[in-house]
**Student:** 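Quick one: this structure, given as structure tokens, is what I'll be asking you about.
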Amino acid sequence: MKYPPRRAATCGCGYLAAFVTLLVVVSLQIQYHHLKVDLGRSDFDAATATQQRQRRREGDRRGGGSAGRWSRKTGAEGLPRGIVETSSDMYLRPLWDSAGTTTKTSAKSKNDRYKALLAMAVGIEQMQNVDTMARKFLNESCTVMLFHYDGNVDGWRGLEWSDKAIHVLAPNQTKWWFAKRFLHPSVVAIYDFIFLWDEDLGVEKFDLRRYLDIMVSEGLEITQPALDPDLSTDIHHRITIRNKMTKVHRRVYDNRPSMNCSDDSKGPPCTGWVEGMAPVFSRAAWKCVWHLIQNDLIHGWGLDMKLGYCAQGDRAEKVGVIDSEYVVHQGIPSLGGPSHTSKIPRRSLDLRTQIRRKSSAELEKFKERWDKAVREDDEWLDPFEA
């Protein structure tokens, strides 16, 4: 008579076991689902990584190293590669359809061996000389970019080529200030050569095509035209003086104690050096020089002594002065200087004194920054140290 209660207990245990089993099965299914999702994500990440590696390898096989450059952070990672424009130019684009003009310009450009950009800081007082310079370059299908430091742009509108040039206005700024802000390497990448010249250069005896042919044939990356010693009124360095017996010279000989330039000299101002008034840079050299220009040191003093580090090799070979195509340095004070119409020359003289003082102070700052950078960069080795 005691057995029925035991059967009831057995029946209750059976229900409990079935419930626990169902709970375990449901839990296992949930865990399996999560595991499947995680594995799917892992597979997707692995597949994506594999695809990226394959694309990089394919890009390397196609050449140009574009895959390596693309792997760096550019800000365009969210875009398909084919839509990305990595550079720009200074060509003027019309608002309306002018197919005839565009075709003519494009056809003319295709016949040119090199693309060059002439950039100058200019004032209205030097318009006549700048007119001569700009015409010479525009006649060779070059781009001309004028940086107006005196605030006067409208005064140039009467020149027939004015609308073909790029005009940028910022009062009382130097060409180095303009270059740092408007000649970024990506913007001027289309140009083979960058002419960053002063406005007071006489170019009557200068032939652009011959100059560039010499620069290329001689393997030069940074150059300047020699200065005519008979007509130039402002020559500061002997290495810039024209040698009538040579096509190009890369060094100067001077036995004065302050110079002591000989065949043993390895650097500026004896060799591997050009002056800041009329430098010409290859595309590769400009990519380096732009980074050397200090954003706040606008007079550029001290840059000339370090340009050789951007020469893409031995500065004693890659930097030179071209004698056969020479210019005249007129030495006319312009930015901050007196003009022939000035009624207060004393004030202009004071401005020139202040500018020279600031330039000298900037030179010391530049030297300090260079020395500090050399000390702190353990990975950088001076390629020109003996």
**Student:** How about Tyr191 and Asp89: does a side-chain donor come under 3.5 Å of a side-chain acceptor?
**Tutor:**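 No, Asp89 and Tyr191 have no side-chain donor paired with an acceptor closer than 3.5 Å.
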**Student:** Hey, is Asp192 close enough to Arg283 for a salt bridge, meaning N to O under 4.0 Å?
**Tutor:**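 Answer for the salt bridge query: yes.
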**Student:** Can you sort out the partners of Phe178 under ring pair (Phe, Tyr, Trp, His ring centres under 6.0 Å), two or more places apart, ordered by chain and number?
**Tutor:**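 For Phe178, the residues satisfying ring pair (Phe, Tyr, Trp, His ring centres under 6.0 Å) (neighbours in sequence not counted) are Phe147.
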**Student:** Taking C-beta and beyond as the side chain, do Phe195 and Val144 meet within less than 4.5 Å on heavy atoms?
**Tutor:**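 They are not in contact (no side-chain heavy atoms under 4.5 Å apart), so the answer is no.
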**Student:** With heavy-atom distances below 4.5 Å as the criterion, would you say the side chains of His237 and Val252 are in contact?
**Tutor:**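 His237 vs Val252: side chains apart.
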**Student:** State which residue, out of Lys175, Met127, His167, Glu199, fulfils the side-chain contact (heavy atoms from CB on, under 4.5 Å) condition with Val122.
**Tutor:**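 Testing Val122 for a side-chain contact (heavy atoms from CB on, under 4.5 Å) against Lys175, Met127, His167, Glu199 leaves exactly one candidate, Glu199.
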**Student:** Cut-off 3.5 Å, side chains only: do Trp161 and Asp131 have a donor facing an acceptor?
**Tutor:**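 Their side chains do contain a donor-acceptor pair, which is all the 3.5 Å distance test asks for.
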**Student:** Heavy atoms, side chains only, cut-off 4.5 Å: are Val188 and Phe281 in contact?
**Tutor:**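 No, every pair of side-chain atoms sits at 4.5 Å or beyond.
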**Student:** Under 3.5 Å, is there a donor-acceptor pair linking the side chains of Ser88 and His184?
**Tutor:**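 No pair is found: no donor N or O on one side chain lies under 3.5 Å from an acceptor on the other.
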**Student:** Is there a donor-acceptor pair under 3.5 Å between the side chain of Lys180 and the backbone N or O of Ile293?
**Tutor:**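 Yes; judged by distance alone, with no hydrogens or angles, the pair exists.
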**Student:** Between Ser162 (side chain) and Leu159 (backbone), is there a donor-acceptor pair under 3.5 Å?
**Tutor:**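 Looks like no, no N/O pair under 3.5 Å.
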**Student:** Looking at side-chain heavy atoms only, is the closest gap between Lys318 and Glu221 below 4.5 Å?
**Tutor:**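 With C-beta onward as the side chain, the pair touches.
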**Student:** When you measure from the side chain of Gln224 to the backbone N and O of Met277, does any donor-acceptor pair fall under 3.5 Å?
**Tutor:**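 Side chain of Gln224 to backbone of Met277: no pair is present.
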**Student:** Are any of the side-chain heavy atoms of His148 and Ile124 separated by less than 4.5 Å?
**Tutor:**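 A side-chain contact is absent here, since even the closest heavy-atom pair is not under 4.5 Å.
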**Student:** Counting C-beta onward and ignoring hydrogens, is there a side-chain heavy-atom pair between Lys136 and Met133 closer than 4.5 Å?
**Tutor:**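 A side-chain contact under 4.5 Å is absent here.
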**Student:** So does Glu160 pair up with Arg135, basic N to acidic O under 4.0 Å?
**Tutor:**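 Salt bridge: yes.
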**Student:** Are side-chain heavy atoms of Ser232 and Arg242 found at a separation under 4.5 Å?
**Tutor:**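 Not touching, per the 4.5 Å side-chain cut-off.
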**Student:** What class does the angle between the rings of Tyr114 and Phe193 fall in, given that below 30° is parallel, 30 to 60° is tilted and above 60° is perpendicular?
**Tutor:**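 Plane angle over 60°, so perpendicular.
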**Student:** Using side-chain heavy atoms (C-beta onward) and a distance below 4.5 Å, is Val327 in contact with Pro225?
**Tutor:**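 When only atoms from C-beta onward are counted, Pro225 and Val327 do touch, with a gap below 4.5 Å.
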**Student:** Verify the cluster assignment for Leu303 and Val374: are they in a single hydrophobic cluster under the rule of side-chain heavy atoms below 4.5 Å apart?
**Tutor:**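 They do share one cluster, since a chain of ILVMFWY contacts under 4.5 Å joins Leu303 to Val374.
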